[in-house]
Amino acid sequence: MPRRAAAPAAEPDRAAEGASARARGPQQALRRLGLVRPEDLALHLPLRYEDFTRVTPLAQARDGDEALVEGTVLACDVQPGARRQLVARLSSDDGGHVTLRFFTFYPAQRQMLTPGARVRAYGELRGGWAGWTMVHPRLLKADAPLPQGLTPVYPTTAGLPQAYLRAAIARALPRLNWEETVPAEALAELPGAAGRVWTLREALHFLHQPPAGTPLQVLQDRAHPAWLRLKAEELLAQQLAQWQARQARAQLRAPVLRAAADGLPAQLEAALPFALTGAQRRVAAEIAQDLARAQPMHRLLQGDVGSGKTVVAALAAAHAIDAGWQCALMAPTEILAEQHFGKLVAWLQPLLAPRGLQVAWLTGAQPRAARRAALQAIEAGQAALVVGTHAVIQQQVTFARLGLAIVDEQHRFGVAQRLALRAKAGAEAAGLEPHLLMMSATPIPRTLAMAAFGDVDVSTLDELPPGRTPVVTKLVAEARRAEVIARIRAQVAQGRQVYWVCPLVEDSEALDLRAATATHAELAAALQDVRDAAGQPVRVGLLHARLPAAEKKAVMEAFAAGQVAVLVATTVIEVGVDVPNASLMVIEHAERFGLSQLHQLRGRVGRGALASVCVLLYSPGEDGRVSEAARERLRAMAETTDGFEIARRDLAIRGPGEFLGARQSGVPTLRFADLEQDEPILEWARRWAAQLWRQDPARAQAHVQRWLGACVDYLKA
Ligand code: ADP
Ligand code: MG
């Protein structure tokens with residue numbers, strides 16, 4: 001460092017400035033990682049550890065060991081060639097030899113490896129009788145004293161050196177407020193704790209600064225008492241926060257929506273063309289009970305694709321309307337909203353008309369006059385049920401008295417949008433909040449529902465309407481595309497209908513469209529000579545996000561009416577479409593789709609009594625392989641049609657953060673606990689959360705603050 005030492009002493013200010021700018025970099029990086037308070041730092045756990053506590057004599061080393069060796073540099077050269085490398089020979093003190101290789105290297109490393117110098121090298125030992133090798137070892141000075149404990153390696157980010165982070169955490173540990181927030185009685189019941197439960201302090205010290213001699217295996221074992229303690233803390237914090245959110249919600253008031261015994265719900269049920277399934281009946285009763293209370297309902301209705309959620313929503317709306325209130329139903333796409341609208345009009349309009357009420361339709365794409373009429377009817381309260389897209393939550397929309405808000409495919413909306421809908425109660429509802437019913441076709445595994453939706457009641461439709469034949473799923477390599485097309489010809493000739501789904505090309509609607517257009521042309525050509533039962537040439541339709549709404553609608557209607565035999569579509573058909581005569585679905589580049597998306601798509605077939613098939617066409621990537629995760633997804637699809645099992649596997653493949661979309665759900669991702677493995681701890685946390693709030697609210701609050709800090713407000717949204 002001669003140059004820095006020679007910096008002119010006459011400019012102390014600038015030198016100090018330089019130093020603080022240097023410190024600011026890592027400081028900012030710390031903040032970017034959310035590592036601000038001592039708590040945050042203490043809870044930032046190592047990814048792995050390095051053992052610099054002892055020098056391993058080469059004679060005792062085993063192949064594959066991570067070890068610290070010490071010795072004298074015999075030679076050091078840059079070897080030229082296709083891959084230039086720095087190669088050094090080291091002679092260890094016990095007479096062994098090791099070769100050190102660097103494919104990228106810096107002057108400082110060459111300097112440390114000057115022949116004759118003594119040096120320590122840490123890395124994975126490879127080889128044996130042909131001589132030991134280390135690739136990219138860490139080089140350390142040979143004369144320094146050895147550390148007392150294992151050295152943690154933390155997850156970090158650009159501009160935040162390991163050493164800086166390590167020092168910041170080491171400083172934070174003793175500054176932590178160690179006051180115990182979990183009562184001993186609770187800890188005594190912690191599942192998996194054989195014997196004494198570790199204190200938080202012990203657990204953190206152990207994981208940040210494991211004593212010399214701790215086997216690395218022990219540190220990775222998440223059943224270790226140190227880990228158990230952290231998982232318990234984390235899950236408890238989360239359940240406490242949710243309990244708090246639930247209490248806050250219980251303070252709110254909502255209109256009591258109780259229908260007359262012979263009112264709209266009863267009339268609707270009598271008018272339906274089918275009998276409700278047992279599950280629909282049960283779930284509808286759960287919802288009716290919530291609606292009849294003066295606290296706002298906060299309920300998630302989950303049911304696999306095709307389980308019949310719409311009619312349950314219609315029954316809920318009927319309760320609201322019968323009680324004299326309005327209901328809004330919001331869906332994420334125009335096609336889906338329109339399908340809902342179609343059904344709800346058919347079911348409810350005949351019952352509403354005699355009361356001078358109507359079902360209104362609201363979307364961004366509708367003609368101005370129709371929109372104005374809808375807005376007026378909504379403001380006057382005459383539109384008893386309003387169905388639409390995001391347009392429903394726009395500012396110009398004013399309800400007279402909104403009593404119930406229903407959100408379909410709720411995970412496709414953000415927290416802000418759900419809040420906006422709830423804020424629309426209307427002037428006549430002063431001080432009252434509407435009830436909220438969220439619907440999802442992506443069943444959420446029980447553990448995740450408990451962790452993420454602790455403050456939401458969950459109703460589940462676990463039964464499909466009768467007369468459905470399970471879909472058979474086949475995995476077919478792209479190389480056999482011609483066979484698949486031959487199969488389509490045969491199906492179409494029998495009067496069956498087919499979906500062909502093209503993948504979304506990442507970030508490019510244009511490419512996406514081109515691929516779909518090409519496939520459309522290919523299929524149209526391949527089916528050119530096929531006639532349907534009436535002797536007419538079969539038609540192939542194309543549905544794409546870029547089509548104007550009117551054309552989308554025309555294509556959809558032609559397909560629903562059976563005039564189009566094959567519908568080539570991008571994922572716009574993902575949700576909602578209901579064409580019982582469609583019995584074959586081909587999903588192209590199935591390896592690119594997410595598991596729940598595949599499951600949703602597959603749910604479009606098998607809607608009638610016909611035996612249906614879903615063909616997952618997959619193409620290996622450039623390296624001739626399909627990625628491991630993609631293979632797992634395809635395998636799951638082939639092995640099960642059960643939405644809950646699919647969701648469980650999806651959770652296992654993706655992890656909860658991605659599964660819910662942390663941003664959308666407002667759920668901070670769990671760092672220590674694993675929802676599948678740690679279900680017993682989750683149950684424990686749920687049991688104790690309520691008790692702790694009652695016993696010692698201050699302590700409960702401190703616990704939540706320590707663990708969730710800034711995330712808490714977000715959770716309340
Ligand atoms: P999802 O839960 O996927 O939204 P839908 O509400 O669209 O399902 O219902 C799927 C299909 O099943 C629709 O055609 C609907 O009319 C029909 N359906 C719903 N409930 C029943 C039932 N109890 N018996 C027969 N068919 C039903
Ligand atoms: Mg639906």
Side-chain angles (χ1 to χ4, degrees), residues 30 33-54 66 68 122 138 146-157 160-182 186-187 190-238 655-657 668-675 677-678 680-682 684-685 702-709 711:
L30 276 181
L33 287 182
L35 305 179
V36 182
R37 310 168 304 165
E39 291 95 306
D40 305 326
L41 285 156
L43 299 179
H44 191 68
L45 291 194
L47 275 178
R48 58 192 179 84
Y49 303 86
E50 290 173 338
D51 188 354
F52 301 138
T53 60
R54 58 189 195 99
E66 280 218 342
L68 182 68
Y122 183 85
R138 288 241 265 125
L146 292 166
Q148 294 298 305
L150 302 188
T151 304
V153 179
Y154 292 102
T156 184
T157 178
L160 182 56
Q162 238 353 285
Y164 189 93
L165 181 54
R166 214 174 267 152
I169 291 172
R171 271 198 311 275
L173 280 175
R175 278 196 289 141
L176 254 181
N177 168 16
W178 289 115
E179 194 189 317
E180 189 57 77
T181 49
V182 186
L187 290 176
L190 186 62
R196 189 182 67 87
V197 176
W198 283 33
T199 67
L200 183 54
R201 187 184 197 312
E202 283 171 327
L204 286 174
H205 272 270
F206 178 77
L207 291 172
H208 282 293
Q209 298 164 347
T214 311
L216 295 177
Q217 199 87 40
V218 164
L219 291 162
Q220 275 150 19
D221 177 12
R222 296 204 162 193
H224 186 274
W227 271 102
L228 182 66
R229 182 60 208 255
L230 289 182
K231 289 170 173 185
E233 294 270 328
E234 176 174 54
L235 289 172
L236 184 62
Q238 201 209 27
T669 320
L670 292 173
R671 285 186 286 175
F672 309 108
D674 174 297
L675 287 177
Q677 270 168 29
D678 300 323
I681 309 179
L682 182 60
W684 167 87
H703 187 86
V704 173
Q705 272 304 324
R706 178 185 293 172
W707 281 83
L708 300 178
C711 295

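What you see is a predicted model, and the numbers here were worked out from it, not measured in a lab.
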Point-to-point distance, once rounded to the nearest 0.5 Å, from [atom1] of [X] to [atom2] of [Y]:
X      : Y      : atom1 : atom2 : result
Leu68  : Thr53  : CG    : OG1   : 8.5 Å
Glu66  : Phe52  : CD    : CZ    : 9.0 Å
Leu190 : Leu228 : CG    : CG    : 4.5 Å
Leu43  : Leu176 : CG    : CG    : 7.0 Å

Quick check: closest heavy atoms across [X] and [Y], and the distance to 0.1 Å?
X      : Y      : value
Trp227 : Leu207 : NE1-CD2, 3.8 Å
Leu173 : Ala42  : CD2-CB, 3.9 Å
Ile681 : Ala232 : CG2-CA, 3.9 Å
Glu50  : Arg48  : OE2-NH1, 3.5 Å
Pro155 : Leu33  : O-CD1, 4.3 Å
Ala212 : Gln148 : CB-O, 3.1 Å

Between [Y] and [X], is there a side-chain heavy-atom distance shorter than 4.5 Å?
X      : Y      : answer
Pro211 : Phe206 : yes
Leu150 : Leu219 : yes
His44  : Leu165 : yes

- request: Take Arg166 and Thr151 through the side-chain contact (heavy atoms from CB on, under 4.5 Å) test and state the conclusion after the steps.
  value: CA-CA 9 Å; Arg166 214 174 267 152; Thr151 304; 3.4 Å; yes
- request: Please confirm whether the backbone N or O of Phe672 pairs with a side-chain atom of Glu234, one donor and one acceptor, at under 3.5 Å?
  value: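 Yes, because the side chain of Glu234 sits within donor-acceptor range (under 3.5 Å) of the backbone of Phe672.
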Side-chain donor or acceptor of Trp684 paired with backbone N/O of Leu236 under 3.5 Å: no
Salt bridge (Lys or Arg N to Asp or Glu O under 4.0 Å) assessment of Lys231 paired with Glu233: CA-CA 5 Å; Lys231 289 170 173 185; Glu233 294 270 328; over 6 Å; no
Passing candidate, side chain to side chain contact (heavy atoms under 4.5 Å, CB included) with Leu35, options Leu41, Ile169, Thr156: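 So the option named by the test is Leu41.
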Lys/Arg cation over aromatic Trp198: Arg229, 6.0 Å, 45° cone: no
Test log, rule side-chain contact (heavy atoms from CB on, under 4.5 Å), inputs Arg706 and Thr181: CA-CA 9 Å; Arg706 178 185 293 172; Thr181 49; 3.8 Å; yes
- prompt: Yes or no on salt bridge (Lys or Arg N to Asp or Glu O under 4.0 Å) for Glu180 and Arg201, after CA distance, side-chain angles and deciding distance?
  reply: CA-CA 9 Å; Glu180 189 57 77; Arg201 187 184 197 312; over 6 Å; no
- request: Begin with the C-alpha distance, continue with both residues' side-chain angles, and end with the deciding distance and a verdict on side-chain contact (heavy atoms from CB on, under 4.5 Å) for Asp40 and Leu30.
  value: CA-CA 10 Å; Asp40 305 326; Leu30 276 181; over 6 Å; no
task: Indicate the ring-plane relationship of His208 and Tyr154, choosing parallel, tilted or perpendicular according to the 30° and 60° boundaries.
output: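 If you compare the ring of His208 with that of Tyr154, the planes turn out tilted.
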